[in-house]
Amino acid sequence: MQLLKSDILPLIEKAVEALGVDSGLVERMLQASTEHTWPPACDLSLPCFQFAKTLNMAPAAIAERLSKEIPEHEAIHEITAVNGFLNITASSSWLADHVLNQRTPHRSDERREVLIEHTSANPNGPFHVGRARNAILGDTLVRLHRLWGDEVTAEYYVDDMGKQVAVLAWALENMSEEEVESLLKDRDPINPQWAQKADHQRVRWYQAAQLRRKESPDATAIEAAIGTLVHASENGDQGVLDSFERAYKPVLDGMLETLGRLGIHYDRFTKESVFVTNGDVAELMNELGQLEINGVADNGAQYLDLGQRGLKGKTEFFYRRGDGSSLYATRDIAYHRWKWTQCNELINVLGEDHRLQAKQVGLTLEELGERRPEVMFYSFIKLPEGKMSTRRGNVVFMDDLLEEAKAHATDVLKERRPDLDDETMAHIAEAVGTSAVRFNIISVSPEKGFTFRWEDALSFEAGSAPFIMYSHTRACSIRRKVRDVDPSYLDQTFQGEGPTDEMPYGLVQLLRTLAVHDDQLSRVVREHRPNLFANYMLQLSMAYNMFYRDCYVIDHGEVNPFFFAVSERARTALRAGMDALGIVALESM
RNA sequence: GGGCGUGUAGCACAGCUGGAUAAUGCACCGGCCUCCUAAGCCGGAGAUCGCGGGUUCGAAUCCUGCCACGCCCGCCA
């Protein structure tokens, strides 16, 4: 709890010095050490073990002595010595004052312009759950940074010149619908609900072409035709690039429609081919060729020997083919140099399969005198049956998942809220369904393996998005009730002291949880760990529920202005935090 | 074979810049709707933190060896 720490640190340092130890350690050791239990046992804690040797005293005795040395302070409710720890609990009225008046520590001093690149999936078919982790994590990171006050650009890097797009373009030009459907006759047919959606339509051409490339008698000729297209695109052939764009654009639009349903939007789309056609890639390859770690292969291909810069394993990083054309990673470096002209903080969201390449790109950027971007890696989402693949067709489409989630939410609603009309019910079900899907994914650490299970994705119980949404609607409901009693309460800001006597347990827990909000958000943004904020939002909801249990804002028709002020503060914090996680903040559900 | 990542109750998952009784949810057992939404609240039970060594007053956390799983090791994208 930085708030409390900065206030009372001098007091503690003075007491420690009086004992005869160097107080320089205190700043680092005074910590909110009780984060591992919830609710926390105290607000700040000082472990006294390190002082034991120099003082030749037992830690418990040191803690005991310190607890008596520290004078009274308005922020401190209680200081106790427990098992060699000096435990400090904040005064509730001090907490209330700081929380209600938003006396939070200042945030980032300089304005940060952050560019976050995420999703960047090949536009070859509908968005599926396997890709969802990138988009959901990335978008959540964007939102969290915005909550923290950073200026953020969310960017999608469009792979408009690779083999996957070439396959799609070739298929659309060379295969008939009959042929496609006959090749895919063993697979599930297109879901009639999405029959008019271009991503669902065109992915069948893509899948059929992938089969033909591998299995048909003319596979070699097809492969050659596609190879020619890829080659032309890499050389910046505008006619080919245009035909690629005509092929993928409707697919990309379909994917974006799906993502939009999850609240995911982008500020900018940058096409990979741009860096080929504008000459950046050629210039880059020239520069790389001048580097001292540059090497040339027998056929004229060029690479950097990154072993000299600490890379282990395979150390040769090829950036130029024997025929002089660029590679995907080369273009990525050109893209990164451009990105650095657009921001002062760069974050990429990448799958774990990109770890090596990200390292190569990062080292090369440093070699060129640029900074390396920060990267949030995540491991892939699997199905219980194994890895997902658009090519093989064993995927759960996000469109289907969202429909399923909505249908499930509707079932729950019909049971709990039979009073609602169809339109309201559909609105709530959509919000609950999409929020639950997002939360299911962001609440686990990105680097941990994730197996998609319907029963988890559709869980609406405690520990899920609807749990948080429900707490928020309670706060909204209380606000409505207060307005009914006397609308003037809504315009008032709470003035003066809170109650000076003992506050109810739930109220204290809520104040403490609100007080650590910025500590949590700061860490989450700094370390790119959205799951920790998901956890915090659950704690905030739990704390609000405890407050709701212990404190009646409206009691016997009378409004308690202090309780109402706390409830409102919690409501706005819930609301803002939900926005940052992409959870829809309904006023009633 | 080499590099990187992960391993925590029956299941899922947090905690990893060392600190107290390892948090949370599901499932399981018991209680709470004449009072602001019970998608809620309260209580109970459940853990050899993959295994072995080491460092330390103190290790889930740091170091090291081993095991299991995943990803990568293309002049592919």
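Sequence lines set the chain letters: A, B, ... in the order given, protein chains first and strands last, and positions in each chain run from 1. The structure presented is a predicted model; accordingly, all values stated were derived computationally and were not measured.
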Original post:
How is Lys359(A) classified with respect to the nucleic acid when contacts are heavy atoms under 4.0 Å: base, sugar-phosphate, or nothing?
Top reply: nothing
Original post:
Within this structure, what is the CD-to-P distance between Glu352(A) and rG5(B), rounded to whole angstrom?
Top reply: 11 Å
Original post:
Counting only side-chain N and O atoms of Arg321(A), is one of them less than 4.0 Å from OP1 or OP2 of rC76(B)?
Top reply: yes
Original post:
Touch check for Leu356(A), heavy atoms < 4.0 angstrom, all strands: base, sugar-phosphate only, or nothing?
Top reply: sugar-phosphate
**OP:** For the residue pair His354(A) and Asn348(A), confirm or rule out a side-chain donor-acceptor distance under 3.5 Å.
**Re:** no
**OP:** Determine the interplanar angle of the His517(A) and Phe533(A) rings, folded into 0 to 90°, and report it as parallel if under 30°, tilted if 30 to 60°, perpendicular if over 60°.
**Re:** perpendicular
Original post:
Arg416(A) side chain N/O closer than 4.0 Å to the phosphate oxygens (OP1, OP2) of rA39(B)?
Top reply: yes
Original post:
Can you name the salt bridge (Lys or Arg N to Asp or Glu O under 4.0 Å) partners of Glu245(A), sequence neighbours left out?
Top reply: Lys271(A)
Original post:
Mind checking the P distance from rU24(B) to rG15(B)? Whole angstroms is fine.
Top reply: 15 Å
Mind listing the N/O atom pairs, protein and nucleotides 7-9 of chain B, below 3.5 Å?
from	atom 1	to	atom 2	distance (Å)
rG7(B)	OP1	Lys448(A)	NZ	2.9

Subject >> Spacing between Ile441(A) atom CD1 and rA12(B) atom C1', to the nearest angstrom >> reply: 15 Å
**OP:** Examine distances only and state if a side-chain atom of Asn531(A) and a backbone atom of Val444(A) form a donor-acceptor pair shorter than 3.5 Å.
**Re:** no
**OP:** Please check the phosphate of rC16(B) (OP1 and OP2 only) for any side-chain N or O of Arg529(A) closer than 4.0 Å.
**Re:** yes
Original post:
Can you find a pair of side-chain heavy atoms, one from Thr330(A) and one from Leu327(A), that are under 4.5 Å apart?
Top reply: yes
Subject >> Strand RNA chain B in bracket notation, Watson-Crick/G-U under 3.5 Å with | for pairs to another chain >> reply: (((((((..(((......[....))).(((((.......))))).....(((((..]....))))))))))))....
Original post:
In Å and rounded to the nearest 0.5 Å, what is the CE to CG distance from Met161(A) to Asp237(A)?
Top reply: 10.5 Å
Subject >> Test item: Arg529(A) and Ser445(A) side chains (from C-beta on) under 4.5 Å apart, heavy atoms >> reply: no
Original post:
So Tyr335(A) and Phe275(A), would you call those rings parallel, tilted or perpendicular, with 30° and 60° as cut-offs?
Top reply: tilted
**OP:** Among the candidates rA14(B), rA12(B), rC4(B), find the nucleotide nearest to the side-chain atoms of Arg453(A).
**Re:** rA12(B)
Subject >> Touch class at under 4.0 angstrom, heavy-atom based, for Ser325(A) against every strand present >> reply: nothing
Original post:
Which nucleotide in the list rG5(B), rC4(B), rC73(B) gets nearest to the side chain of Lys314(A)?
Top reply: rC73(B)
Original post:
Across the strands shown, which category fits Leu327(A) at heavy-atom distances under 4.0 angstrom: base, sugar-phosphate, nothing?
Top reply: sugar-phosphate
Original post:
How about Ile468(A) and Leu538(A): do any of their side-chain heavy atoms sit closer than 4.5 Å?
Top reply: yes
**OP:** For Glu455(A) and rA27(B), give me the distance from atom CD to atom C1', rounded to whole Å.
**Re:** 12 Å
Subject >> Conformer about C1'-N of rC33(B) - syn within 90° of 0, anti elsewhere >> reply: syn
Subject >> Atom-pair distance (CG on Asn531(A); C1' on rA12(B)), nearest Å >> reply: 14 Å
Original post:
What about Ser464(A): does its side chain form a donor-acceptor pair under 3.5 Å with the base of rA39(B)?
Top reply: no
**OP:** Pick the P atom in rU55(B) and in rG43(B), then give their distance to the nearest Å.
**Re:** 42 Å
Subject >> Pairs flagged by salt bridge (Lys or Arg N to Asp or Glu O under 4.0 Å) wherever residues 542-565 of chain A is involved - sequence neighbours left out >> reply: none
**OP:** Mind checking Ala297(A) for me? I need base, sugar-phosphate or nothing, with any heavy atom below 4.0 Å counting as a touch.
**Re:** base
Original post:
Between rG15(B) atom C1' and Glu527(A) atom CD, what is the distance in whole Å?
Top reply: 12 Å
Original post:
How many Å lie between CD on Gln360(A) and P on rA77(B), as a whole number?
Top reply: 13 Å
**OP:** Check whether the aromatic ring of Phe49(A) stacks on the base of rC57(B), taking stacking as ring centres less than 5.5 Å apart and planes within 30° of each other.
**Re:** no
Original post:
Can you find a heavy atom in the side chain of Glu352(A) that is under 4.5 Å from one in the side chain of Glu447(A)?
Top reply: no
**OP:** Please identify each residue that fulfils salt bridge (Lys or Arg N to Asp or Glu O under 4.0 Å) with Lys359(A), with sequence neighbours left out.
**Re:** none
Original post:
When the ring planes of Tyr378(A) and Phe380(A) are compared, do they come out parallel, tilted or perpendicular, using 30° and 60° as the limits?
Top reply: perpendicular
Original post:
Touch check for Asp353(A), heavy atoms < 4.0 angstrom, all strands: base, sugar-phosphate only, or nothing?
Top reply: sugar-phosphate
Taking N or O atoms only and anything under 3.5 Å, show me the protein contacts with nucleotides 40-44 of chain B, one pair per line.
from	atom 1	to	atom 2	distance (Å)
rG40(B)	OP1	Ala462(A)	N	3.0
rG40(B)	O3'	Asn545(A)	ND2	3.2
rG40(B)	O2'	Arg474(A)	NH1	2.8
rG40(B)	O2'	Arg474(A)	NH2	2.9
rC41(B)	OP1	Asn545(A)	ND2	3.3
rC41(B)	O3'	Arg549(A)	NH1	3.1
rC42(B)	OP1	Arg549(A)	NH1	2.8

**OP:** Check whether any side-chain N or O of Lys53(A) sits under 4.0 Å from OP1 or OP2 of rC57(B), and answer yes or no.
**Re:** yes
Original post:
Stacking check: are the rings of Tyr552(A) and rC36(B) less than 5.5 Å apart at their centres and under 30 degrees in tilt?
Top reply: yes
**OP:** Mind calculating the distance between CE (Met285(A)) and P (rC75(B)) to the nearest angstrom?
**Re:** 15 Å
Original post:
Please give, in whole Å, the distance from rC73(B) C1' to His354(A) NE2?
Top reply: 15 Å
Original post:
Taking only side-chain nitrogens and oxygens of Lys382(A), does any of them come within less than 4.0 Å of OP1 or OP2 of rU6(B)?
Top reply: no
Subject >> Phosphate OP1/OP2 of rC73(B) contacted by Arg355(A) side-chain N/O (<4.0 Å) >> reply: no
Subject >> Plane angle bin for Phe460(A) and His408(A) - parallel if under 30°, tilted between 30 and 60°, otherwise perpendicular >> reply: tilted
Subject >> rC73(B) and rU64(B), which share atom name C1', separated by this distance in whole Å >> reply: 25 Å
